[in-house]
Each structure stands twice: as structure tokens, then as C-alpha cells.
Amino acid sequence: MKYSNVVIGRVVKRVSRFTVTVDLKGEHVAAHLSNTGRNKELLLPGAPISVRKADNPARKTPYDILAVQRAQRWINIDSLAPNRVVNAALNDGSLVLPACVEPYQVRPETTYLDSRLDFAGQDAGGQDWFVEVKGVTLANGPRAAFPDAPTVRGLKHVHTLTHAAQSGYRAFLVFVVQLPGITSMTIFKARFPELAPAITAAKAAGVQFIAMTCHTGPAEITLDQPILFDENLPFEEIKLD
């Protein structure tokens, strides 16, 4: 996926949860941050950041944030990107769901029980499936971790997928790691302890967890390849000075 009309600036400061001041060639502008994570290790003053002009010229934040650079790699923090790249990959066959026969019928935004899941569909053999997508932006070296912030909604989705698997559906949770150079992924248990045991129970019920790394840049993000996911791997958060 490529973005158009992208401009690269530098982070000045984070003003609020959803607003960051960005320096664009000496002009300070307000940019909207759609990502709901903490992003403390990313939105550091002086860090290169890519933005694009918002479609609504009357908006108080005239720019949208796409990606930020840290340790020589661009980390996509556009919260819409994971669903878009997974949607494209499910439809063109580049994302294979284990035990499902291609091609897939794909339906976005489907309600199951009291949850809204990102995708539902059928495989070529008539097997029904659900896919929930989570974006991942937290990393330390070659290991990524989820979540960056406590996520009650994410926990609910794991429970919903568990019920779906027990009811005869194929159920998948796809982690889209929105940066390159990652070889493994885990759950950041110190940030949200309830999630890892729920995932272990979901696996036992038949839910499958897929972690995909990405090629990224200031103006692009594409799915790359699957990597190891294990909720019990250790993860140490980057310490900021």
C-alpha cells in the first residue's frame, strides 16, 4: 500500500493523545495520530515523521501521521493500515489462512455474538472463517510485542474467536507488525497480564495466531512474511533516557 502527497518532517512534541506538533521545514503544524497506543518510544522530539494533508481542509489537525523513524527503520503508526493490507492480501491470495482452501470469499466488518470482527468469509470448500487484525508497533531489536497499551477490546476479541472456534468456525487473529527487521513476536505481559493466558486458552480451542512482518517506508507499507509468534517469549521495553 502506497500513500500519496507525503511530506517528511520532525516531531516537535506530543500535545495530546491524538495530536502531535510536527515541524515541516520550519512551520509547526498539528497532525492527527490515529494510533491509540502509548508510542512513547516513537514520538520523541526530533524524530523523522511522515505525514500527509487531511482530506478535510477545515479540520483542526490538517495533517495525518503515517510513520515515524527510529533506529534507522520506519515504523508505520497508521491505525487503518493493518486492515487495509490484510484485506488486500486475503482477496489476492497472498495471505494464506491455514486449513482454508483458496480462493476466499471475504466480508469486512462482521458481527459475531456481541463483537465486531474485522473479516469473515468462506473458503473454496464452504468452510466459514473469522479474522481479527491487530496492528503492532512496539519493538525492541528484532522482537515485537503487543499490546502497547491495555486493550480490553483486544481481550474480548480473543474470547470471541475462542467461542467461534469451539462452534465450528475457523478462527484467526492476524498480528500485522508495522515495521521491518522483526523475527519474532510476543505478548507484552507486563503491560496487560490478562491477554497471554487468554491466547493460550484460545490456541487450545483451535484459534490460530499469525504474525506478519512488513516492508515499510515513509510512504508505504506492504505485508512481508510470517514470523514466530509465542505469547510466552520474554519482552523488555526500551528504556528512555
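Numbers here are sequence positions counted from 1.
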Report all side-chain donor-acceptor pairs from residues 95-115 shorter than 3.5 Å, counting only partners two or more places apart or in another chain.
{"unit_1": "Y104", "atom_1": "OH", "unit_2": "L97", "atom_2": "N", "d": "2.9"}
{"unit_1": "Y112", "atom_1": "OH", "unit_2": "H163", "atom_2": "ND1", "d": "2.9"}
{"unit_1": "S115", "atom_1": "OG", "unit_2": "T160", "atom_2": "OG1", "d": "2.7"}

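Looking only at distances, a side-chain donor or acceptor of R70 sits under 3.5 Å from a matching main-chain atom of E41. Formation of a donor-acceptor pair under 3.5 Å by the T186 side chain with backbone atoms of D230 is found in this model. Between the side chain of E237 and the main chain of L138, no donor-acceptor pair closer than 3.5 Å is present. Not a single donor-acceptor pair under 3.5 Å links the side chain of Q178 to the backbone N or O of T137. Using modelled atom types, one side-chain atom of R191 and one backbone atom of D148 make a donor-acceptor pair closer than 3.5 Å. A donor-acceptor contact shorter than 3.5 Å is absent between the side chain of N87 and the backbone of N83. In this structure, the side chain of T200 engages the main chain of A196 through a donor-acceptor pair within 3.5 Å. In this structure, the side chain of T216 does not engage the main chain of I221 through any donor-acceptor pair within 3.5 Å. Proximity of a side-chain donor or acceptor of D224 to a complementary backbone N or O of T213 within less than 3.5 Å is not detected. In terms of modelled atom types and a separation under 3.5 Å, the side chain of T162 and the main chain of V158 share a donor-acceptor contact.
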Pair K203-E231, salt bridge (Lys or Arg N to Asp or Glu O under 4.0 Å): steps then yes or no: CA-CA 11 Å; K203 285 182 174 179; E231 69 272 23; 2.6 Å; yes

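V174 and W129 fall within the same hydrophobic cluster, where Ile, Leu, Val, Met, Phe, Trp and Tyr residues are linked whenever their side-chain heavy atoms come under 4.5 Å apart, directly or through other members. Hydrophobic clustering (ILVMFWY, side-chain heavy atoms < 4.5 Å, transitive): M212 and L161 are in distinct clusters.
Looking at residues two or more places apart in sequence or on another chain, you find a ring pair (Phe, Tyr, Trp, His ring centres under 6.0 Å) between F188 and F235.
The shortest distance between side-chain heavy atoms of V22 and R10 does not fall below 4.5 Å. The shortest side-chain heavy-atom distance between L33 and N39 falls under the 4.5 Å cut-off.
A donor-acceptor contact closer than 3.5 angstrom is absent between the side chains of E236 and N140. A donor-acceptor contact closer than 3.5 angstrom links the side chains of N76 and Y3.
For F175 and F146, the distance between ring centers is under 6.0 angstrom.
Considering all non-hydrogen atoms of both residues, R59 and H32 come closest at NH2-CB, 3.5 Å.
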